[in-house]
Amino acid sequence: MTNNRIRALGLLLTVLLMVSGACAPPPEPEKAMTIIPDVSDRLAQFALTAVDTDLSRLSETERQVLDKLIEAGKHLDRAFLLQAWPENPAFRERLAAREGDLVQAALSYFDVMYGPWDRLSHRETFVGDHPHPPGAGFYPEDLTRDELESYIEAHPDEEEALMSWYTVIRREGERLATTPYSEVYREELEPAAAVLREAAELTDNESLRDFLQKRADAFLSDDYYESEKAWMDLESRIEVTIGPYEVYEDELLGQKTAFEAFITVNDPAASAALDRFKNLLPEMEIHLPIPDELKTTRGTESPIRVVDLVFAGGDTRAGVQTIAYNLPNDERIRSEKGSKMVMLRNVMKAKFESIMVRVAGEVMDASQTDLLSAEAFFQETVFHELSHGLGPAYVTGSDQKEVREALQELYSAMEEAKADVTGAYNILYMVDREEFPSTFRNELLATYFAGLFRSVRFGTGEAHGKGAALQLNYYLDREVARAGEDGKFTVDLPALEEAIRDLVREICLIQAAGDKEKAAALLDQHGKITPRIQQTLDRLESVPVDIRPVYTAAGETMLR
Ligand code: ZN
């Protein structure tokens with residue numbers, strides 16, 4: 001992520017080599033445990049932030065259900081720590097037995113990263129000397145993709161088990177043996193299933209009971225299909241997402257799923273408001289500033305939930321925190337029942353207050369910082385997600401050739417830029433339609449502009465960061481914002497609005513034409529960190545990159 005994080009390993013400092021308690025039984029050799037000297041700076045990139053949820057409107061029974069679900073979430077949190085690296089718990093214990101400020105910071109950073117590798121810095125080892133295994137704890141550490149592929153070629157009948165989303169692979173002599181998650185992580189999954197069943201008995205919500213029972217079964221059978229369907233049908237004040245979902249932790253094959261839990265409370269009124277916007281998607285498509293023959297209609301059956309997060313554990317809590325997600329990933333369910341979009345409102349609010357406000361303070365002229373709005377930041381995220389479903393999906397005149405295929409490796413950055421700028425464009429359209437008050441127009445424009453500096457910090461090696469750079473440079477080249485002597489920008493808001501419309505058109509036309517050359521030209525010209533942007537980013541050095549959440553409604557305290 002930030003260049004200054006990538007430090008030469010030569011700077012490593014050796015500290016506290018001795019295992020304390022010389023007569024302790026395990027005859028383990030005394031091992032060096034080196035800690036990278038800037039670990040406190042790394043930790044400071046994450047602002048310790050309370051993420052709270054108002055539970056006062058829940059019934060006594062709902063609160064009891066919530067407590068059970070939090071307990072289940074903690075089991076999955078521990079299961080994920082083992083998935084990331086089976087040595088993690090023992091390693092953490094050895095680290096915790098040492099003393100000193102550096103050790104304390106390393107321990108906290110270990111908890112943020114769920115292991116001794118820095119997720120913000122290409123998995124660089126920050127404590128100890130063990131390099132990160134690309135296959136995390138899912139495979140033998142020395143297994144390569146090539147070896148696995150040739151093994152499968154020689155043993156085609158084992159392919160299904162080897163490539164399963166829910167198995168771990170280990171060496172047994174010459175063999176690559178598979179064991180299902182239900183066995184490998186039994187110590188966590190059995191009690192997790194038990195508390196899910198207890199919660200199912202307590203709740204009077206039929207759809208929640210159905211999901212919890214089926215998910216408890218799945219933890220023990222490794223068959224998640226029925227419970228994924230039940231999750232799509234969940235209509236409950238308590239909205240829970242718990243299980244093995246994303247495959248990013250598996251950097252070897254992108255095949256093995258990681259455990260995570262989001263225990264949340266749904267806000268039915270806010271969810272209904274978003275349903276209304278979803279129903280307006282066809283009108284937003286018609287309103288796009290492109291020729292009518294390029295406009296399409298896409299299905300939008302997916303439900304949306306606005307929730308407040310009470311507790312998060314596992315994969316989602318490692319490193320940078322999730323603010324929205326779209327599940328399940330199983331294509332069978334997606335084609336049968338669609339997918340569900342969940343917006344984590346209180347996490348967005350926490351990020352807004354801990355990071356966005358400080359970014360804007362460094363980026364925007366003081367005369368415009370009052371326009372910054374948490375609501376605009378939230379709606380930007382909502383409309384970003386909605387706008388992925390707008391604009392050309394297929395190349396015009398081709399026989400169903402997807403834009404994705406035509407633009408290839410340039411697709412993601414173009415698509416993320418499109419979702420951002422079309423999101424802003426559509427919110428302005430909703431202001432025109434009086435879905436938002438007229439004062440929201442300038443709040444949105446200022447918050448959107450400042451928000452691009454937050455996104456561009458993720459770097460242009462990544463689609464969202466590159467997309468943000470594209471937008472920023474496009475606007476700065478058109479001089480819709482001018483830097484004062486202190487380097488802070490004053491935005492010409494009407495000019496920005498015009499530029500937004502033009503950029504929506506430019507990106508959509510390139511997508512419709514499937515014109516990779518034009519996409520490359522646009523990205524070459526704008527999708528980079530120019531000296532002008534770098535100057536501004538330098539001033540953001542001390543602003544945290546993300547939050548370190550403390551879930552107060554789940555009983556967590558700030559004393560960590
Ligand atoms: Zn996106």
Side-chain angles (χ1 to χ4, degrees), residues 1 241 245-248 254 262 274 277-278 281 284-285 288 296 298-300 302-306 315-316 319-329 334 338-345 347-348 351-352 355-356 376-393 402-427 430 444 447-472 474 500 503-504 506-508 510-511 519 522-523 526-527 545-546:
M1 174 145 309
T241 303
Y245 289 104
E246 306 291 358
V247 295
Y248 306 117
F262 300 89
L274 289 204
F277 291 136
K278 194 185 68 187
L281 276 170
M284 292 184 213
E285 179 77 29
L288 286 177
T296 48
R298 302 191 209 175
T300 50
S302 303
I304 306 180
R305 299 276 187 273
V306 178
D315 191 16
T316 181
V320 173
Q321 303 298 299
T322 308
I323 52 175
Y325 56 93
N326 198 322
L327 287 171
N329 292 327
R334 289 175 91 96
S339 62
K340 179 159 61 183
M341 196 163 110
V342 182
M343 319 294 301
L344 303 171
R345 181 177 53 189
V347 181
M348 285 186 218
K351 289 202 191 200
F352 177 83
I355 297 160
M356 198 51 232
F377 184 66
F378 172 70
Q379 295 296 352
E380 255 290 314
T381 310
V382 170
F383 277 77
H384 171 108
E385 295 299 332
L386 290 174
S387 298
H388 272 307
L390 294 172
E402 286 185 39
V403 174
R404 179 190 303 273
E405 285 173 70
L407 298 186
Q408 297 171 322
E409 77 280 5
L410 306 181
Y411 173 76
S412 300
M414 290 290 283
E415 178 61 21
E416 291 307 331
K418 182 203 82 178
D420 272 355
V421 65
T422 310
Y425 178 78
N426 281 318
I427 295 173
M430 291 298 112
L444 182 275
T447 308
Y448 163 66
F449 183 81
L452 292 173
F453 282 98
R454 186 187 80 94
S455 307
V456 87
R457 295 175 87 198
F458 295 108
T460 54
E462 182 268 348
H464 297 82
K466 202 175 181 71
L470 191 167
Q471 295 165 76
L472 262 182
Y474 186 88
I500 286 172
L503 185 55
V504 170
E506 192 155 347
I507 295 178
C508 285
I510 290 172
Q511 290 193 327
L522 189 67
L523 285 168
H526 296 304
V545 173
D546 202 49

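When a ligand or atom number is given, it counts from 1 through the structure's own listing order.
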Heavy-atom side-chain contact between Y245 and D315 under 4.5 Å:
no

Sub-4.5 Å side-chain heavy-atom contact between E246 and L327:
yes

E285 side chain to L281 main-chain N or O, any donor-acceptor pair under 3.5 Å?
no

Taking K351 for its side chain and Q321 for its backbone only, find out whether a donor-acceptor pair lies under 3.5 Å.
yes

Hey, which protein N/O/S atoms does the Zn ion (ligand 1) have under 2.8 Å?
H384 NE2, H388 NE2, E416 OE1

Assign the ring pair Y474 / H526 to parallel, tilted or perpendicular, where the plane angle (0 to 90°) is split at 30° and 60°.
perpendicular

Is there side-chain contact between M414 and L470, with at least one heavy-atom pair below 4.5 Å?
yes

